[in-house]
Amino acid sequence: MNFQNEIVKWYKINKRELPWRNTTDAYVIWLSEIILQQTRVEQGLPYFNKFLAHFPTVKSFADATENQVLKLWQGLGYYSRGRNMLFTAKQVMEIHNGIFPIQYEKLIQLKGIGEYTAAAISSFSNNQSKAVLDGNVFRVLARYFGVEEPINSTTGKKVFSELAQSLIENQKPSVYNQAIMEFGALQCKPKSPACNICPLQINCYAFKHHKVDVLPIKLRKLKVRERWFNYFVGIENDHILTKQRKPGDVWQHLYDFPLIETDEKPDFEEKSFIEKVKNTFGKNVQITPILQKKHLLTHQIIYVQFFALDNYIINFNLHTDIKSVLLEDFEDLPHPKVISDFINLYIKN
DNA sequence: AAGGCGGGGGT
DNA sequence: ACCCCAGCCTT
């Protein structure tokens, strides 16, 4: 039995029951695929159910506000996915008459849909013969066929892409695509894969050559930036100070607190730091440390320090990015995880 | 071609 | 501590 047939046979026995597998509705599949980008199934599943319940159709999605979408997205990360979904939903209403496209060539033109997602939606909803190429597929192909080209090099992508596409010929695209990804997720896992019970063990290059733990090969180490976020929590008369984050940085368009950022550990007693605080909150301001936390992102380590503000005065004409909003309205806004955790601990009740 | 963009889980 | 997850966009 060849590679593809073994994979599909394995899939039919071992596949998980997942809600987006019981539909050919391109809108529903799109929802699941965007949510699952760089996200584990277990983490994305509750978000998929939430989004489908709130937005059963692409029209209902297109009618949402960005704050609504980001609030539902809160805690999932990579928030540009949510913003792009809103943009794309509106675009589908305008240029596709509200019918979500099912062809690769149409899908690839939509914002937030790249080669992987276009292949996934077009094959799952339309049985178009486009091979998906995600982290799972890279791994399975690299190991089984012994491809030593780095998966994130230009030639590597080309090699894997052509290999993947050649394998899907004469297969049922929808089933085969899901099968190879599921195989990578459950059987041919990144760490300690279950080679001892693997139906493809006999012909697997990596198993034969003891390279299971070196394939696939990936280049580049991420350099992690360290940042210090000093947040100032000002609450007065049921109102709280907040600020919407700007483009070009993490948590774009989400709401946090007035912030003084430094690129090294600040000395809270030091003159320049005190000066900055007084410049924004007035010279009589008192600050009290509440909580510090180390917030880890893939590419950044953010040391977060929360201060309580007392006796503060803000010139909102000078600091136009800072707003004062009702506490109950503030809680309804979308926040980064580190902020929503803080709210739940120190502000609610 | 390289870097930015979250949060969580596995080893 | 490091890697990876149903990747994509911008520069």
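Excluded from the calculations below are hydrogen atoms, water molecules and symmetry mates; all remaining heavy atoms, backbone and side chain alike, are included. In the text below, chain A, chain B and the rest are named by the order of the sequence lines, each starting its count at 1.
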Val285(A) side chain near Lys278(A) side chain, heavy-atom distance below 4.5 Å: yes

At under 4.0 Å between heavy atoms, what does Thr154(A) touch on the DNA or RNA strands: base, sugar-phosphate, or nothing? sugar-phosphate

More 5' along DNA chain C: Leu133(A) or Lys218(A), using each one's nearest nucleotide? Lys218(A)

Is the NZ atom of Lys106(A) crowded by more than 12 outside heavy atoms at less than 6.0 Å? no

Please tell me which of Arg40(A) and Gly114(A) maps to the more 5' nucleotide of DNA chain C, matching each residue to the nucleotide holding its nearest heavy atom. Arg40(A)

Using whole Å, report how far NZ of Lys246(A) lies from C1' of dC5(B). 19 Å

Distance between C1' atoms of dA6(C) and dG3(B) (Å, rounded): 23 Å

Base, sugar-phosphate, or nothing for Asn177(A), non-hydrogen atoms under 4.0 angstrom? nothing

Gln38(A) CD - dC4(C) C1' separation (whole Å): 8 Å

Just call it for Thr117(A): base, sugar-phosphate, or nothing, with non-hydrogen atoms closer than 4.0 Å on any strand. sugar-phosphate

Pairing nucleotide - dG6(B), Watson-Crick or G-U, each distance under 3.5 Å: none

Counting only side-chain nitrogens and oxygens, does Arg83(A) get under 4.0 Å of the OP1 or OP2 atom of dC5(B)? no

Specify the separation, in whole Å, of atom NZ of Lys15(A) and atom P of dA6(C). 17 Å

Scan Arg21(A) against the nucleic acid and name what it touches under 4.0 Å (heavy atoms): base, sugar-phosphate only, or nothing. base

Just checking Ser80(A): base, sugar-phosphate only, or nothing, at a heavy-atom cut-off of under 4.0 Å? nothing

Starting at CZ of Arg227(A) and ending at C1' of dG6(B), how long is that distance when rounded to a whole Å? 13 Å

Which comes earlier along DNA chain B counting from the 5' end, the contact point of Gly248(A) or that of Ser192(A), where each point is its nearest nucleotide? Gly248(A)

Phosphate OP1/OP2 of dG7(B) contacted by Trp73(A) side-chain N/O (<4.0 Å): no

What is the separation between atom CG on Asp213(A) and atom C1' on dG10(B), rounded to the nearest whole Å? 16 Å

Just wondering, are more than 12 heavy atoms of other shown residues or ligands nearer than 6.0 Å to NZ in Lys50(A)? yes

Can you figure out which of dT10(C), dC4(C), dC5(B) approaches the side chain of His299(A) most closely? dC5(B)

Indicate, with a heavy-atom threshold strictly under 4.0 Å, whether Gly75(A) touches base, sugar-phosphate, or nothing. sugar-phosphate

Ser32(A)/Arg21(A) under side chain to side chain donor-acceptor pair (under 3.5 Å): CA gap, chis, key distance, verdict: CA-CA 10 Å; Ser32(A) 72; Arg21(A) 290 210 177 120; over 6 Å; no

So for atom CG, which belongs to Asn170(A), do other residues, nucleotides or ligands contribute more than 12 heavy atoms lying within a distance under 6.0 Å? no

Any side-chain heavy-atom pair of Ile339(A) and Tyr231(A) under 4.5 Å: yes

Which residue lies toward the 5' end of DNA chain B, Lys337(A) or Lys191(A), if each is placed at its nearest nucleotide? Lys337(A)

Result for side-chain contact (heavy atoms from CB on, under 4.5 Å) between Lys71(A) and one of His54(A), Glu66(A), His335(A) points to His335(A)

dC5(C) P sits how many Å from Arg81(A) CZ, rounded? 14 Å

To the nearest Å, give me how far apart CD (Gln109(A)) and C1' (dC8(C)) are. 16 Å

Counting any heavy atom closer than 4.0 Å, what does Gln300(A) reach on the DNA or RNA strands: base, sugar-phosphate only, or nothing? sugar-phosphate

How is Lys189(A) classified with respect to the nucleic acid when contacts are heavy atoms under 4.0 Å: base, sugar-phosphate, or nothing? nothing

Can you tell me whether the side chain of Thr39(A) and the base of dG7(B) have a donor-acceptor pair closer than 3.5 Å? no

Classify Glu115(A) by what it touches in the nucleic acid, base, sugar-phosphate, or nothing, heavy-atom distance under 4.0 Å. sugar-phosphate

Selected nucleotide, minimal atom distance to Pro190(A) side chain, candidates dG7(C), dC5(C), dC5(B): dC5(C)

Tyr79(A) has its side chain closest, among dC8(C), dG6(B), dG9(B), to dG6(B)

Expressed in whole Å, how much space separates the P atoms belonging to dC8(C) and dG8(B)? 22 Å

Rounded to the nearest angstrom, tell me the gap between atom CD1 in Ile35(A) and atom C1' in dG6(B). 15 Å

Check every strand shown and say whether Trp20(A) touches a base, only sugar-phosphate, or nothing at a heavy-atom separation below 4.0 Å. base

Classify Leu76(A) by what it touches in the nucleic acid, base, sugar-phosphate, or nothing, heavy-atom distance under 4.0 Å. base

